[in-house]
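What you see is a predicted model; the values in this text were computed from it and never measured. Protein chains get the first letters and strands the later ones, always in sequence-line order, with residue 1 at the start of each.
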Amino acid sequence: MRIMRLHVASCALAAMFYRRGQRGWQVRLFCIKPGIGTRFTTVVRFENVGLRYGSGPEVLHDVDLSLDPGSYHFLVGPSGAGKSSLLSLLYLARRPTRGLVTMFDSDIASAPRATLPELRRRIGVVFQDYHLLDHLTTFDNVALPLRVAGVGSAQIREHVMELLEWVGLGDKVDVQPPFMSGGEKQRVAVARAVIGQPDLLLADEPTGNLDQAMAHRLMRLFEELNRQGTTLLIATHDTNLPVQFPHPILRLDQGQLGLDG
Amino acid sequence: MLGFRRSGDVPLSSDPSARFVPWIIGTMVFLSALVLAVALVLGSAIDRWQLSHSVQLTVEVPAGAAQAGGVEIALEKLVALPGVVSAARVTDDHISALLAPWVGEDLDLSTLPLPVLIDVEVTTPGALDPEVAERQLSGDVPGIRVDDGKRWLEPVRATAGALQAIAGFVLFLIGLASIATVIFMTRTGLSVHHGTISVLHQVGARDSYVARQFQNQALRLALIGGIPGLLLAGMCLMVVRSLAARLEAPLLPAVSFDAGAWILLALLPLAAALIALLTARITVMATLARMP
């Protein structure tokens, strides 16, 4: 029965995107995020990347990583291995200390700071601790990526309401994060990450605070987004996830990255 | 639906600075208005003194020469000079009134060897050179003096000018203090809301988007403080004006403003708001530019 519901949920997402496609969703998305239609050959390419904080030791050494468009990887590794540091490089919160980082065919190490916002709009991030803005409502938290991109309020209203309905938060539109459960916050964080239909979706322990049913539903959502062409990288401690959803595993250990299997 | 109503993306209105900055800006605008009013009053007084003395001269005929008919000769010669509109002897009554505060009202002026004064009005400022006129008249009226008031007006004007410069410097210092306050408020806000700003950057916000949050808050706080500050200063100026109107001191500058001066004073809160807005924007942009 649960599997049936999950299947329905998954199909509902597919139907949502399909419906939008029929109504000219691509055209409207082009307005929302000008870069979304741009072709690129590589989503992420790291070559000999190193990262250190201040004058401390390197937390990442000689990382080589390549994520092609539409790929799906898990990132695993023990605590302190450098997963969060690697993700912070991927969502452009930091620049590498050394090495070459190319994202969407742009060299990040030498990219002017002014070009980073456009690149960040192509990346959706689900943080382990959500990173929601407590003073904003659910609606405003989810609308944030569209608002900073300058999308009109009518368009924002339409898209956000549609997505909130789908993630089951249609009745929590005016609620602020401090008054929500962990699962609800997680869904808000996911909705915010996917509202702009990113080219790359990064998730840090996305199922860590969810019950099994909700975690499964969330993973189905990620599967569906991947089918729509979104590149995914999921950092997790949960060894069951790669078993249930078989995708290549990147293992990070003591700052060094390797591909499992 | 309530969900469509939203506050700013950075919750600056809950910051402690949101409470004290309007008071500081209000005080700054209040002080600026008073200092600017002083500068404007001095400026208009200087203009008035210069204007009245540039078309009016005083001719002084010594008592001895006056008794020898020098006053009539001087009057006759003066009206014949080019640029002179009129020349009239200052009456004894007027001189008595001028001297009354010092010598009393009961004194008979004819017992004193006072010089006779002649008021001369010329067509335009500089139409009559006092030194040239004095040379032309001294042949017929020995000891005669022609005075255009420059001798005593210059030091007064210099003093008033120095006071105006000091007022300008005080305004400059008030402006600096206001800018420092806004910089402190903005840096505090950037520090307190570092996490929120990181989220905004992560979802693709440009620095200018973040700066807009801070500059709008600075503008709002400056207006909230600046407008009452100006109103309070306006009330103080009205009180001073009504008190000054009772004074009988012709040399003191009149506390009155023309429309231009009032407009200048009214622009102070707007200027404070504009300075706050620009300071907040520049501070945010400069701070964020140092981020990776």
Should we say atom [atom1] of [X] is surrounded by more than 12 heavy atoms from elsewhere, each under 6.0 Å from it?
| X | atom1 | value |
| --- | --- | --- |
| B:Phe20 | CZ | yes |
| A:Tyr53 | OH | yes |
| B:Arg187 | CZ | no |
| B:Trp262 | CH2 | yes |
| B:Met238 | CE | no |

Audit row: A:Arg120, B:His201, side chain to side chain contact (heavy atoms under 4.5 Å, CB included) steps and yes/no
CA-CA 8 Å; A:Arg120 287 185 184 126; B:His201 275 148; 4.1 Å; yes
In terms of heavy-atom pairs under 4.5 Å with chain A, which of B:Val203, B:Asp207, B:Leu288, B:Val10 leads?
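When all of B:Val203, B:Asp207, B:Leu288, B:Val10 are compared, B:Val203 has the most.
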A:Ala114, part contacting chain B, at a heavy-atom distance under 4.5 Å
backbone
Which heavy atom in A:Pro117 sits nearest to a heavy atom in B:Gly204, and how many Å separate them?
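Of all heavy-atom pairs spanning A:Pro117 and B:Gly204, the closest is CB-O, 3.4 Å.
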At what distance, to the nearest 0.5 angstrom, does CZ of A:Arg121 lie from CZ of B:Arg206?
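So the CZ of A:Arg121 and the CZ of B:Arg206 are separated by 5.0 Å.
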Working to the nearest 0.5 Å, report the span between CD of B:Gln202 and CG of A:Leu144.
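Interatomic distance, B:Gln202 CD to A:Leu144 CG, rounded to 0.5 Å: 9.5 Å.
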For B:Gly8, is there any backbone N or O sitting under 3.5 Å from a side-chain donor or acceptor partner on A:His135?
yes
Quickly, which of A:Leu132, A:Leu133, A:Val125 forms a side-chain contact (heavy atoms from CB on, under 4.5 Å) with B:Val199? Name it, please.
A:Leu133
